[in-house]
Amino acid sequence: HANPQFLALVGASGSVKSSLVQAGIFPRLRQAPPPGFPQNIPIFQMRPSNGAAPEEALLSILPIEVTTDLEQEAIWFRVQAFFQQQPDRSILFIDQFEELFALFPEQQAAFTQRLDDLLKSSRLILILTLRSDFYGLLQDSALGHFLPNHQKNVPGLSDKATLRTITEQPAEQVGLQLENGLVDLLLTDLEGTKNPLPLLEFTLQELWKREHLDNLLTCKTYVELGRVTRSISQKATDIYKQLPTDQERTLTRRLFTRLIRYGVSDRPDTRQPLLLDEVVKIGDDPALVRSLIQRLANARLLVIEGIPGKQPDTVEIIHDALIAEWADLRGWIEQQRPFLSWREGRLREKLLEWQKEGKAEKNLLYEADLLTAEGFLKENRADLTAEECGYIEASVGRRDRLAKQKIQQARRVAFGAAIATGLISIAAIIAFVQKGEADKQRLVAETQRLNSQLVPSSFFSDDSFAHRGHDQFH
């Protein structure tokens, strides 16, 4: 750029961002400075974690004398004055800039604003490296306006030729010998690794610790270390034991068991990359989970990847060997395999389907799926996210609501039947009474008819009786 001020190198953990600056940009600037750059450009390097506060880390690398009682405004005034007084361009390199957001969330807004003001008032060039999962935070900061034109995405290194070069050339430059076949063994063991550089770096460091006095790294020692697989599992054990709280150890167990696609029959368990925004929901405190993920990524046990502005960040276990070889992880899996396999299989499938379809009732759990989910919810609620619990509870609620409606409907039917039966009974009684009254009327009429036939009415008249008596006496 004709007027360079800012450069952000953004990439996944272990994508050699820092090495690109330290071994690429800086030597090039010193060997062949572009127009407007001094021959020996002053370079000031820091990490936010180098001090108790980011300002303290910055002051520790500058030749400025300040007292501890100075206010922030006075400190930044002196920093600004220092860079304004530089006769030529100078560079401030802040490595692992994500530490600012992770370790100093309450101070990051003010610090980035001060840096932006510093760039506007001096000839300072700011270069920073940033892990891609923190890109959004940088984008929202006072430095975000630089990103459209002053950002470079750094891809990870994975091809064998490049890995061979970055293994053999540095050793050759310092006179360190590598036994024939060692690099081939390393590259074979690293096949299938999403981001192999951190594993390669760790393994070579362990080899160097054991054999640098002999100036020869050997295949025998590499095999004794357990090759890539065993060495990384031992590191995982050590890091897990060093976690300071039970809460963090519990979250680590939940995290690793969630990042696995569980095999069935003869298929082995394998890594399962998940969206970072989804993974942070495994605990009640997403900020704590995010901080833990960052530490595990810094320790090269996890890999966080994404393309800023294009592809959301994902988190993944660094190598399938960790699943097979880490004893703690194997124990966690075997203790809960039916539950874990169901959660990362059937439940995940149904939950995503439900969310995709706008949480329609037709996509809730039914019958056997629901019975299974109820059992796991009761026994393993702590290992389910709020979304997963909510999905199961919504399914239970629907089933119970339908059951209640069926009971109410049955009661209404029974009540209706009872009323109908009662009405029929009343009608029958009325009909019986009416029938009895009709029979009575017929009986009376019949009696009267018979009487009239047996004794004529004229027989009992006074006149006929008198005549019959008179005739009898005469």
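Keep in mind that the numbers below use all heavy atoms, side chains included, and drop hydrogens, waters and symmetry copies. The structure displayed is predicted, hence computed values, not measured ones.
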Distance in Å, Leu182 CG paired with Leu204 CG, rounded so as to fall on 0.5 Å steps: 7.5 Å
message: Testing the 3.5 Å rule here: is there a donor-acceptor pair between the side chains of Tyr391 and Gln355?
response: no
query: Is the backbone of Leu7 close enough, under 3.5 Å, to the side chain of His150 for a donor and an acceptor to pair up by distance?
result: no
query: What heavy-atom pair brings Val21 and Pro27 nearest, and what distance separates the two atoms?
result: O-CD, 4.2 Å
- prompt: Would the number of heavy atoms belonging to other residues, nucleotides or ligands and lying under 6.0 Å from CG of Asn180 be above 12?
  reply: no
message: If we count only N and O atoms by modelled type, under 3.5 Å, do the side chains of Thr165 and Thr162 hold a donor and an acceptor together?
response: no
Pair Leu302-Glu316, side chain to side chain contact (heavy atoms under 4.5 Å, CB included): steps then yes or no: CA-CA 6 Å; Leu302 299 177; Glu316 183 177 8; over 6 Å; no
message: Over 60° means perpendicular and under 30° means parallel, so tell me whether Phe111 and Phe97 are parallel, tilted or perpendicular.
response: tilted
- request: Find out whether Ile282 and Val289 are in side-chain contact, i.e. whether some heavy atom of one side chain is under 4.5 Å from a heavy atom of the other.
  value: yes
- request: Provide the closest heavy-atom pair for Ser132 versus Val10 in the form atom of the first, atom of the second, distance.
  value: CA-CG1, 3.7 Å
- prompt: Within a strict 4.5 Å, meaning less than it, do heavy atoms of the Phe339 and Glu379 side chains meet?
  reply: no
Closest contact, heavy atoms only, Ile61 versus Gln45: CG2-O, 3.1 Å
- request: Tell me whether the centres of the aromatic rings in Tyr366 and Trp354 are closer together than 6.0 Å.
  value: no
- prompt: Can you tell which of Leu200, Leu185, Thr203 makes a side-chain contact (heavy atoms from CB on, under 4.5 Å) with Leu190?
  reply: Leu200
field: Ion pair Arg261/Asp269, N-O distance below 4.0 Å
entry: no
Carboxylate-amine/guanidinium contact Glu388 Arg343, below 4.0 Å: no
field: Salt bridge Arg210-Glu206, side-chain N to carboxylate O under 4.0 Å
entry: no
- prompt: Side chains of Ile25 and Leu9: closer than 4.5 Å at any heavy-atom pair?
  reply: yes
message: One pair to check against side chain to side chain donor-acceptor pair (under 3.5 Å): Trp342 and Thr372. What are the steps and the verdict?
response: CA-CA 9 Å; Trp342 166 81; Thr372 301; 5.5 Å; no
- prompt: Hey, is CZ on Arg330 packed in by over 12 heavy atoms from elsewhere, all under 6.0 Å?
  reply: yes
- request: Give a yes or no on whether a salt bridge exists between Arg290 and Asp277, defined as a side-chain N under 4.0 angstrom from a carboxylate O.
  value: yes
query: Between Phe93 and Gln22, is any pair of side-chain heavy atoms under 4.5 Å apart?
result: yes
- request: Evaluate whether atom CD of Gln205 has more than 12 neighbouring non-hydrogen atoms of other residues, nucleotides or ligands under 6.0 angstrom away.
  value: yes
task: Can you measure from CZ (Arg399) to CG (Leu364) and round to the nearest 0.5 angstrom?
output: 12.0 Å
query: After noting the C-alpha distance and the side-chain angles of Gln272 and Tyr262, does the key distance pass the side chain to side chain donor-acceptor pair (under 3.5 Å) rule?
result: CA-CA 9 Å; Gln272 172 176 255; Tyr262 293 91; over 6 Å; no
- line: Heavy-atom closest pair (Pro244 atom, Arg249 atom, distance to 0.1 Å) is C-NH1, 4.1 Å
- line: So CD of Gln247 and CG of Asp285: to nearest 0.5 Å the spacing works out to 7.0 Å
message: If the threshold is 4.0 Å, N to carboxylate O, is there a salt bridge linking Glu248 and Arg253?
response: no
- request: Measure across Val396 and Glu374 and return the closest heavy-atom pair with its distance rounded to 0.1 Å.
  value: CG2-CG, 3.6 Å
- prompt: Below 4.0 angstrom, N of the basic side chain to O of the carboxylate: do Lys120 and Asp116 qualify?
  reply: yes
field: N-O pairing of Lys362 and Glu353 below 4.0 Å
entry: no
task: Decide yes or no for Phe146 and Leu119: does some side-chain heavy atom of the first lie under 4.5 Å from some side-chain heavy atom of the second?
output: yes
- prompt: Does Ile239 have any side chain to side chain contact (heavy atoms under 4.5 Å, CB included) partners at least two apart in sequence or in another chain, and if so, which?
  reply: Lys235, Leu296, Ala299, Leu301
query: Does a side-chain N-to-carboxylate-O contact under 4.0 Å join Glu191 and Lys160?
result: yes
Interatomic spacing from CG in Leu371 to OG in Ser395 - rounded to 0.5 Å: 11.5 Å
message: Using the rule given for salt bridge (charged side-chain N to carboxylate O under 4.0 Å, His left out), can you reason through Arg164 versus Asp184, listing the C-alpha separation, both sets of side-chain angles and the distance that settles it, and then say yes or no?
response: CA-CA 8 Å; Arg164 181 180 294 277; Asp184 292 328; 2.5 Å; yes
query: Is the backbone N or O of Arg254 less than 3.5 Å from a side-chain atom of Thr257, with the two atoms forming a donor-acceptor pair by type?
result: yes
query: OG1 of Thr237 to CG of Asp328: how many Å apart, nearest 0.5 Å?
result: 5.0 Å
query: Step by step, would you call Glu98 with Gln294 a side chain to side chain donor-acceptor pair (under 3.5 Å)?
result: CA-CA 9 Å; Glu98 65 271 6; Gln294 179 186 352; 5.0 Å; no
- prompt: Hey, is the main chain of Ala287 close enough, under 3.5 Å, to the side chain of Ser291 for a donor-acceptor pair?
  reply: no
query: Between Ile91 and Leu124, what is the shortest heavy-atom contact and its length?
result: C-CD1, 4.1 Å
query: Does any non-hydrogen side-chain atom of Leu217 lie less than 4.5 Å from one of Gln177?
result: no
Candidate pair Ile260 and Ile333, rule side chain to side chain contact (heavy atoms under 4.5 Å, CB included), full reasoning: CA-CA 10 Å; Ile260 295 173; Ile333 292 172; 3.6 Å; yes
field: 4.5 Å side-chain heavy-atom contact, Leu138 and Leu128
entry: yes
Side chains of His145 and Gln139 in contact at under 4.5 Å (non-hydrogen atoms): no
message: Does Asp238, at its CG atom, have more than 12 non-hydrogen atoms belonging to other residues, nucleotides or ligands within less than 6.0 Å?
response: yes
- request: Please indicate whether Glu349 has more than 12 foreign heavy atoms, meaning atoms of other residues, nucleotides or ligands, lying under 6.0 Å from its CD.
  value: yes
Asp189 with Arg227: basic N within carboxylate O range, under 4.0 Å: yes
- request: For salt bridge (charged side-chain N to carboxylate O under 4.0 Å, His left out), just list the numbers for Glu361 and Arg401, CA-CA rounded to whole Å, side-chain angles, deciding distance to a tenth of an Å, and then say yes or no.
  value: CA-CA 12 Å; Glu361 280 200 351; Arg401 188 170 63 254; 2.6 Å; yes
field: Atom pair CG/CZ of Leu126 and Phe44 - distance to nearest 0.5 Å
entry: 13.0 Å
query: Do Asp117 and Arg114 sit within salt-bridge range, that is, some charged N less than 4.0 Å from a carboxylate O?
result: no
field: Residues, nucleotides or ligands: over 12 heavy atoms within 6.0 Å of Glu172 CD
entry: no
message: Assess the residue pair Lys220 and Glu224 against the criterion (salt bridge (charged side-chain N to carboxylate O under 4.0 Å, His left out)); give the C-alpha distance rounded to whole Å, side-chain angles, the decisive distance to 0.1 Å, and a yes or no.
response: CA-CA 6 Å; Lys220 179 175 179 294; Glu224 288 174 352; 2.5 Å; yes
message: If we count only N and O atoms by modelled type, under 3.5 Å, do the side chains of Gln96 and Thr129 hold a donor and an acceptor together?
response: no
